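The structure appears below as structure tokens.
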Amino acid sequence: MEIGYQVVTVLIFISVLLGCLYFIRKKSDLIRSMTHRMNGEIRVKESTRIDLNCRLTLVSISEKEYLLLTSKSGHNCIHRIE
């Protein structure tokens, strides 16, 4: 009986995920219009790979610019450019 409950739990979880995916795809225009109404527009201006594991990204958020250093090892850094 233990395996039956696990299978049912996994099927319910997958159906919830698929329902969320359907909702997001169906309402993508509404979600996009809601985010554009806010003044916090996020744009990636430039992205450059430094080496095999690190990437440097210039991001603009509400007329403020940030420099992001992301790494596959999990060491990330955010610096505001003034």
Side-chain angles (χ1 to χ4, degrees):
M1 274 316 223
E2 186 83 20
I3 294 176
Y5 290 123
Q6 290 177 353
V7 170
V8 169
T9 303
V10 169
L11 289 176
I12 291 172
F13 180 73
I14 290 173
S15 64
V16 168
L17 286 178
L18 289 174
C20 289
L21 178 65
Y22 174 77
F23 176 77
I24 290 172
R25 285 192 177 173
K26 196 76 168 167
K27 302 290 183 179
S28 65
D29 294 332
L30 175 66
I31 294 170
R32 195 172 296 123
S33 70
M34 287 172 52
T35 56
H36 283 296
R37 273 188 264 145
M38 298 178 189
N39 291 333
E41 187 172 315
I42 300 173
R43 281 185 276 149
V44 175
K45 289 190 167 185
E46 189 173 340
S47 183
T48 305
R49 182 176 296 263
I50 296 174
D51 63 8
L52 194 58
N53 295 324
C54 295
R55 180 176 293 275
L56 198 61
T57 308
L58 181 63
V59 178
S60 173
I61 303 172
S62 299
E63 304 299 324
K64 297 175 186 171
E65 292 185 342
Y66 295 91
L67 193 60
L68 308 172
L69 176 65
T70 56
S71 162
K72 287 183 181 179
S73 63
H75 302 293
N76 302 321
C77 180
I78 301 173
H79 182 71
R80 182 173 174 199
I81 299 174
E82 296 181 24

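Model, not experiment: these values are computed from the prediction.
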* **Partners passing side chain to side chain donor-acceptor pair (under 3.5 Å) against T48 (at least two apart in sequence or in another chain)** =>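 Counting only residues at least two positions away or on another chain, T48 forms no side chain to side chain donor-acceptor pair (under 3.5 Å).
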* To do: Could I get the full list of side chain to side chain donor-acceptor pair (under 3.5 Å) partners for S60, not counting sequence neighbours?
  =>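 Result, side chain to side chain donor-acceptor pair (under 3.5 Å) vs S60: none returned.
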* To do: Go through the structure and list residues passing side-chain contact (heavy atoms from CB on, under 4.5 Å) with K64, not counting sequence neighbours.
  =>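 If we apply the side-chain contact (heavy atoms from CB on, under 4.5 Å) test to K64, skipping adjacent residues, the hits are Y66, R80.
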* Asked: Looking at residues at least two apart in the chain, or sitting in another chain, which of them share a side-chain contact (heavy atoms from CB on, under 4.5 Å) with S47?
  ->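 Scan of S47 (side-chain contact (heavy atoms from CB on, under 4.5 Å), adjacent residues dropped) gives R55, T57.
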* Asked: Who else is in the cluster with L69 when I, L, V, M, F, W and Y are joined by side-chain contacts under 4.5 Å?
  ->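 L69 clusters with I50, L56, L58, L67, I81.
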Those residues that, when tested against [X], pass salt bridge (Lys or Arg N to Asp or Glu O under 4.0 Å) (two or more places apart):
X   : result
K45 : E65
D29 : R32
R43 : E41

* **Considering all heavy atoms, the nearest S73-H75 contact** =>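 Taking every non-hydrogen atom into account, OG-CD2, 3.2 Å.
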* **side-chain contact (heavy atoms from CB on, under 4.5 Å) between I42 and V59, worked out** => CA-CA 7 Å; I42 300 173; V59 178; 3.9 Å; yes
Run the side-chain donor-acceptor check on residues 7-27: report pairs under 3.5 Å with partners two or more places apart or on a different chain.
unit_1	atom_1	unit_2	atom_2	d
T9	OG1	Y5	O	2.7
S15	OG	L11	O	3.2
S15	OG	I12	O	2.7

